[in-house]
Amino acid sequence: MTVSIIIGAQWGDEGKGRITDLLGSKMDVVARFSGGDNAGHTVTIADQIYKLHLIPSGIIHENTTCLIGGGVVLNPKVFLREVADLRERGVSIEPDRLLISNTTHLITPAHIALDTAKEKALGDKAIGTTQRGIGPAYSDKTDRSGIRAGMLAHPEALADAIHAHIAAKNVILTTIYGAEPLDAEAIAVEYLEYARQIAPHLTDGVGFLHEALEDGKRILAEGAQGTLLDLDHGTYPFVTSSSPTASGAMLGLGLGPKAADKIIGVTKAFSSRVGAGAFVTELDGAAARRLRGSGENPWDEYGTTTGRPRRVGWLDLPALKYASDINSFTELVLTKLDILSGLEEIPVCVAYEHDGERVRFSADNDHLLACTPVYESRPGWSEDIINCTNFDELPANAQAYVNYVAEQIGVPVSTVSVGPARRHTIFLS
Ligand code: IMP
């Protein structure tokens, strides 16, 4: 089998972009399967930093074909902006190298306006969404009223659909949220222009992937967000509206449950979260600032999409074990180990306590809010590890930290990252 899946094992921002990029260079196809431009994948090659939100990270490799799968929600404006940015930086983007499944749903300005209006109306109960229209677009999909990318090949039907869609959303925007109505005709004109540019990228995504598999091609499914933001298995309602899990990859791409041979869980050596919701190992004050960084570096803990400072905390093994159970990880990638350098002791959460009892992680936000972390201290290391190129060069306590995580979760760590660039990656197997 030749399908590998990369999954965020936490709340997103685990450093999946880098590992996707490293594996992507060996793949024939890299496919996104869920989410939209709420994601932000930073890939650093030489001194070039690419920030991609929608286009699969594999696009940087000229022999790789990229697919935006049916499980994704696509904002055509963002798609075309990313294409233009990449072209400007010398990346060749022919339509047959960057495909969009006909069944991918489109995000419209009405979805974005609704996302913003809903969040505002929720006040201090807001989810803290990225306000990219993700939730409203998926709502329309499950409501069976969404507009699919395939319609971009049918301009007349598209214009009619946009008019009906905007008219319906204007009722909600004006009467429920007291917001301004949107101009349906202007949006229809805008989308017809997107259609002209995007139609050559459209394909039967499922057929394309199965043909690729029959031809012995290697496929990488590139996850966005993280398991704990999963609509079903995350900390609902503080989740995203899609399935960023291994099962979500199968669903979003139209692959069978036995298709994958590698399911790679990516976790930071600590924890971070953007937006609201339970976070059992969250830190504040100096300890948080230490993990978050100042914001001066692109790899500091500030959102790639929104620029918001991320909430940070120690590594949470009950949450990681849960993610491993949900996804059947076959290997773990541990990122940002270098951030822990210089700490004398590194607390790791080994269990949750709830009403005096030890409990597992569960997808119940209120329950998690009432849990307290039980920490075990691991010995730290003082050396700078950024120039270590193999596992044996890491300080003994850093090696022990990596081995400890693998043992606790029962999944081998295959890769460790020790700095921001591609070369700062250590392969253990
Ligand atoms: P939405 O996906 O924009 O609806 O946001 C829902 C929740 O998921 C919010 O807490 C966001 O901060 C979070 N979220 C969405 N995408 C990402 C991501 O790529 N990384 C981290 N958090 C994300």
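Whatever order the structure lists them in is the order used to number ligands and atoms, beginning at 1.
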[atom]: nearest protein contact (heavy atom, Å):
atom: atom 18 (C) of ligand 1; answer: Asn38 O, 3.8 Å
atom: atom 5 (O) of ligand 1; answer: Thr129 CA, 3.3 Å
atom: atom 14 (N) of ligand 1; answer: Leu229 CD1, 3.7 Å
atom: atom 2 (O) of ligand 1; answer: Thr240 OG1, 2.6 Å
atom: atom 7 (C) of ligand 1; answer: Val239 O, 3.8 Å
atom: atom 3 (O) of ligand 1; answer: Thr130 OG1, 2.6 Å

When you measure from the heavy atoms of [X] to every atom of ligand 1, does any distance fall below 4.0 Å?
X: Ala39; value: yes
X: Gln225; value: yes
X: Asp115; value: no
X: Gly128; value: yes

Have [X] and [Y] got a donor and an acceptor in their side chains that come within less than 3.5 Å?
X: Asp316; Y: Tyr352; answer: yes
X: His165; Y: Thr108; answer: yes
X: Asp140; Y: His105; answer: no
X: Thr103; Y: Ser101; answer: yes

Practice task
Determine whether Phe279 and Thr281 make a side-chain contact, defined as any pair of heavy atoms from C-beta on separated by less than 4.5 Å.
Solution key: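 Yes. Closest side-chain heavy atoms under 4.5 Å.
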- [ ] For the residue pair Arg81 and His53, establish whether any side-chain heavy-atom pair is separated by less than 4.5 Å.
- [x]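 They are not in contact (no side-chain heavy atoms under 4.5 Å apart), so the answer is no.
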Counting only nitrogen or oxygen atoms and a 3.5 angstrom limit, does [X] reach ligand 1?
X: Asp13; value: yes
X: Ser241; value: no
X: Val274; value: yes
X: Arg308; value: yes

Worksheet item: Yes or no on side-chain hydrogen bond (donor to acceptor under 3.5 Å, both in side chains) for Gln10 and Thr267, after CA distance, side-chain angles and deciding distance?
Response: CA-CA 6 Å; Gln10 299 171 303; Thr267 174; 3.1 Å; yes
The residue among Arg292, Arg311, Lys336 that forms salt bridge (charged side-chain N to carboxylate O under 4.0 Å, His left out) with Glu301 is Lys336
- Are the aromatic ring centres of Tyr194 and Tyr191 under 6.0 angstrom apart?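 Under 6.0 Å, so yes.
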Contacting atoms of ligand 1, where contact means under 4.0 angstrom from a heavy atom of Trp11: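 That gives atoms 21 (C), 22 (N) of ligand 1.
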* Any donor-acceptor pair under 3.5 Å from Glu119 side chain to Thr129 backbone ->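 Yes; judged by distance alone, with no hydrogens or angles, the pair exists.
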Requested in this report: Pick one of side chain, backbone, both or neither for how Phe238 approaches ligand 1, counting any non-hydrogen atom pair under 4.0 Å.
Outcome: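 Near ligand 1, Phe238 shows nothing, with every heavy atom at 4.0 Å or more.
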